[in-house]
2 protein chains.
Amino acid sequence: MSQSDTKTRILDGAEQLFAREGFHNTSLRTLTSLASVNLASVNYHFGSKESLLQAVIERRLLPLNRIREEKIEKVLSAAKKIASPPEAEALLRAFIEPTMEFRNSSPGARDFISLIGRSLTEPDETIRNCFMDLALPILQVLFEALHQALPQLSPAILMTRLQFIIGTMSHVMCMSSHSIFHSSELPPAFDHDALVEPLIKYVVAGLEAPE
Amino acid sequence: MSQSDTKTRILDGAEQLFAREGFHNTSLRTLTSLASVNLASVNYHFGSKESLLQAVIERRLLPLNRIREEKIEKVLSAAKKIASPPEAEALLRAFIEPTMEFRNSSPGARDFISLIGRSLTEPDETIRNCFMDLALPILQVLFEALHQALPQLSPAILMTRLQFIIGTMSHVMCMSSHSIFHSSELPPAFDHDALVEPLIKYVVAGLEAPE
DNA sequence: ACCCGTTTCAAACAAGTGTTTAAATCAGCT
DNA sequence: AGCTGATTTAAACACTTGTTTGAAACGGGT
């Protein structure tokens with residue numbers, strides 16, 4: 001077994017368990033037994049349980065953020081070329097679509113998306129920061145791009161609405177399997193693949209509402 | 001010290017710690033020492049840590065849901081009186097305003113709102129159900145009322161958008177102290193009291209977006 | 001074949017977990 | 001005062017937690 005084999009097995013197992021059971025509710029013993037590695041190998045390869053979480057997040061979020069930033073920059077430069085402000089919808093699409101596409105690319109990716117969707121509301125600050133440190137730069141880019149798209153919105157209200165958008169997104173990201181009304185008499189759960197367009201329509205309408 | 005004194009002290013402490021540190025990350029020893037009660041009294045009065053969580057949720061959520069349902073019914077009957085469909089905004093306001101008012105009524109209430117805001121995305125199913133069992137009926141009422149208000153929306157898309165609304169709300173409810181961008185160069189955090197109107201405007205616009 | 005740095009392994013560590021027990025204390029009543 | 005049921009208390013229980021240890025196994029290079 002090569003070195004990276006053990007490391008990826010741990011990362012995959014951690015991704016799944018942290019997402020489905022929660023970080024604090026996942027023990028290294030269940031994790032290492034799921035990944036078929038020795039208990040001590042987590043501390044050997046990653047140093048600690050927390051550093052493992054950091055590694056789990058970085059492995060997926062760094063590439064995803066690169067894609068999201070590229071797409072946003074593409075929208076911005078295309079708008080600049082025709083000397084007009086960028087479209088808010090195009091910007092939000094550039095941010096949301098890669099996220100949801102990635103989410104559907106593999107079961108592990110789905111777990112990961114659900115994991116970072118919950119990180120925002122994670123009470124433990126050190127855990128929350130594992131995610132926030134990597135998420136803030138791209139959110140900064142998005143905020144400034146949206147400000148170009150909608151200059152009539154005051155920065156304060158734009159900020160507030162961006163928070164609402166993130167809330168909406170993170171909620172969708174979390175609901176990997178358990179739809180909220182899953183067991184009620186309400187209409188049946190929705191198809192997750194067919195969720196992107198309604199989501200974009202919703203957040204764009206909310207963002208562009210008259211102040 | 002009367003019986004209810006100990007019980008309330010436990011409930012208050014649990015509310016605070018479950019909200020700020022998370023359920024799994026709160027030990028009965030830190031809880032009982034914060035509440036200045038004996039360790040065994042939690043199991044004596046509530047049976048188990050999980051039943052305590054149930055009690056914490058029920059104490060606040062049952063009255064709050066009563067208020068929310070009353071206000072929704074009031075909007076519905078007022079609309080019926082003039083033989084016109086209810087306004088979506090009035091319905092969402094009837095649902096959101098009591099929540100946020102209650103949230104600002106006391107520090108414990110703020111903790112509680114943040115706690116149930118996070119319950120939706122709680123990975124542990126038994127914990128999630130503690131909250132969901134009490135939340136589903138009122139959501140059912142809201143769904144049907146909104147269907148009356150916006151009959152042109154298909155039940156499926158209305159359902160989807162209601163999920164988005166709940167996601168937006170729960171995110172706002174969670175951010176008791178830690179604004180997301182709290183430490184960035186983005187505009188400063190917003191005033192939580194002045195959050196209700198922007199929130200209503202956002203979710204109404206998203207809900208009423210053309211299909 | 002030997003050596004050497006890397007990786008794996010079983011075992012142990014100290015600390016913390018929710019829960020239970022049985023004795024002690026309290027409050028209300030006759 | 002003395003009895004009775006409800007509550008509080010300190011101690012212990014059985015178990016799990018993340019981490020550390022030192023020896024064993026591995027793999028490539030000379």
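Here the structure is a predicted model, which is why all the values come from computation and not from measurement. Letters A, B, ... mirror the listed sequences (proteins, then strands); counts begin at 1.
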Short of 4.0 Å, heavy atom to strand atom, which residues of residues 11-28 of chain B count as contacting DNA chain C?
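Within residues 11-28 of chain B, the residues near DNA chain C are Thr26(B), Ser27(B), Leu28(B).
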
Do any of residues 46-53 of chain A sit with a heavy atom less than 4.0 Å from DNA chain C, and if so which?
none

Would you please confirm or rule out a distance under 4.0 Å between OP1 or OP2 of dT7(D) and any side-chain N or O of Asn38(B)?
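For dT7(D), neither OP1 nor OP2 has a side-chain N or O of Asn38(B) closer than 4.0 Å.
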
Phosphate oxygens OP1/OP2 of dA6(D): is one of them under 4.0 Å from a side-chain N or O of His45(B)?
no

Pair pattern of DNA chain C in dot-bracket, where unpaired bases get dots and | marks partners in another strand, Watson-Crick or G-U under 3.5 angstrom
..||||||||||||||||||||||||||||

Quiz item: Arg29(A) side-chain donor-acceptor pair to dG18(D) base, under 3.5 Å
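Looking at the base of dG18(D), it does pair with a donor or acceptor on the side chain of Arg29(A) (distance under 3.5 Å).
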
Using the ring pair (Phe, Tyr, Trp, His ring centres under 6.0 Å) criterion, which residues pair with Phe95(A)? Sequence neighbours excluded.
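Phe95(A) satisfies ring pair (Phe, Tyr, Trp, His ring centres under 6.0 Å) with no other residue.
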
Has Thr26(A) got a side-chain atom pairing as donor or acceptor with Leu17(A)'s backbone, closer than 3.5 angstrom?
yes

Quickly work out the Tyr44(A) OH to dG22(D) P distance and round it to whole Å.
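Checked: the OH to P distance equals 16 Å.
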
Could you pull out all residues at least two apart from [X] that satisfy side-chain contact (heavy atoms from CB on, under 4.5 Å)?
X         : answer
His147(B) : Pro155(B), Leu158(B)
Asp133(B) : Asn129(B)
Ser105(A) : Phe102(A), Ala109(A)
Thr168(B) : Phe164(A), Thr168(A), Tyr202(A), Leu199(B), Tyr202(B), Val203(B)

Considering only heavy side-chain atoms of Asn43(A), the closest of dT17(C), dT20(D), dT8(D) is dT20(D)

Residues which pass salt bridge (Lys or Arg N to Asp or Glu O under 4.0 Å) with [X], listed by chain and number, not counting sequence neighbours:
X        : result
Arg59(B) : Asp12(B), Glu15(B)
Arg66(B) : none
Glu89(A) : Arg93(A)

With Ser33(B), which residues qualify under side chain to side chain donor-acceptor pair (under 3.5 Å), at least two apart?
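If we apply the side chain to side chain donor-acceptor pair (under 3.5 Å) test to Ser33(B), skipping adjacent residues, there are no hits.
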
Closer to the 5' end of DNA chain D via nearest nucleotide, is it Ala40(B) or Leu39(A)?
Ala40(B)

More than 12 non-hydrogen atoms from neighbouring residues, nucleotides or ligands closer than 6.0 Å to CD on Glu87(A), yes or no?
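Open.
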
